[in-house]
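Here the structure is a predicted model, which is why all the values come from computation and not from measurement. This chain uses plain numbering: 1 for the first residue, then up along the sequence.
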Amino acid sequence: VAGLEGLDLSQTGIPATLFQLWEMYYKESSLETSSSGKQELQSWWAFYLAFLFFKNAVIVQGVAQRLAIGVASSNKADKVASLLPRMIELVESFLSQQEEYSQAMTGNQRLVAAKL
């Protein structure tokens, strides 16, 4: 995480928004060749992100606990431990973007159905 601080993610190929992450995953997965791929991904991606952040929050909490009892394995443990509030902010942002994206996808599906 510290290695990404201050980087312009658009210059690294790392997705900076949830939509970019979603599109990248879709294009790289086998879902792109599936007729229901986007709907399948849309129904599962919030779970994947929630699991990812839960897993990372557990790791950060472990680092914070080891720091608190004086057995931290890194001299940057205080920096890692301080990341939990930012992780929560990111989750809230991703969930907000997910809601907007889901609404947009629903609108696009209605538009496609109307054209048929």
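Expressed to the nearest 0.5 Å, how far NZ of K76 lies from OG of S82 amounts to 12.5 Å. Between atom CG of residue D78 and atom CG of residue L83 there is a gap of 10.0 Å, rounded to the nearest 0.5 Å.
Smallest separation of non-hydrogen atoms from M24 and P15: CE-CD, 4.0 Å. V60 approaches V80 most closely through the heavy-atom pair CG1-O, 3.4 Å.
Within the 4.5 Å cutoff, the side chain of Q61 has no heavy atoms near those of the V58 side chain. Counting only heavy atoms from C-beta outward, the side chains of N56 and L52 approach each other to under 4.5 Å.
Cluster annotation: L67 is not connected to L84 through the hydrophobic network of ILVMFWY side chains, with a link wherever side-chain heavy atoms come within less than 4.5 Å.
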